[in-house]
*Asks:* 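My questions all concern the structure below.
All residue numbers in this chain count up from 1 along the given sequence.
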Amino acid sequence: MVPVNLRRMFPSGTLRNFISHYLVGVLFEGAVTFEEVIAQLSEQLKHVATKTEMSAYINSNVDVAKNII
């Protein structure tokens, strides 16, 4: 999990923490170099580190919290 400061995507006047995380990972099959790990994580972050993706993630969490059950 990579922490992300949401204030950069969603301007907020609150003084409270406004953070979330990106879930990324590497499947280690055989010998993997540190550079390969960084390259894989960087590629994943390019796809998830967007306002659209983070909005969808936040909305799904809000939907669960608002569920009456």
*Asks:* List the residues meeting side-chain contact (heavy atoms from CB on, under 4.5 Å) with Glu36, not counting sequence neighbours, and say none if there are none.
*Replies:* Val32, Thr33
*Asks:* Mind checking what makes side-chain contact (heavy atoms from CB on, under 4.5 Å) contact with Glu43, not counting sequence neighbours?
*Replies:*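 In terms of side-chain contact (heavy atoms from CB on, under 4.5 Å), with neighbours along the sequence ignored, Glu43 is linked to Lys46, His47.
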*Asks:* Apart from Met1 itself, which Ile, Leu, Val, Met, Phe, Trp or Tyr residues share its cluster (side-chain heavy atoms under 4.5 Å, direct or through members)?
*Replies:*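 So far as hydrophobic clustering goes, Met1 is joined with Leu23.
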*Asks:* Could I get the full list of side-chain contact (heavy atoms from CB on, under 4.5 Å) partners for Val48, not counting sequence neighbours?
*Replies:*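 Scan of Val48 (side-chain contact (heavy atoms from CB on, under 4.5 Å), adjacent residues dropped) gives Tyr22, Val24, Leu45.
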*Asks:* So, using side-chain contact (heavy atoms from CB on, under 4.5 Å) as the criterion, who are the partners of Leu6 when residues are at least two apart?
*Replies:* Val4, Phe10, Phe18, Ser20, Met54, Ile58
*Asks:* In Å, rounded to the nearest 0.5 Å, how long is the span from CE of Met9 to OG1 of Thr50?
*Replies:* 6.5 Å
*Asks:* Please go through Phe34's hydrophobic cluster and name the other residues, only I, L, V, M, F, W, Y counting, with side-chain heavy atoms under 4.5 Å joining them.
*Replies:*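 When side chains under 4.5 Å apart are linked, the cluster holding Phe34 also contains Ile38.
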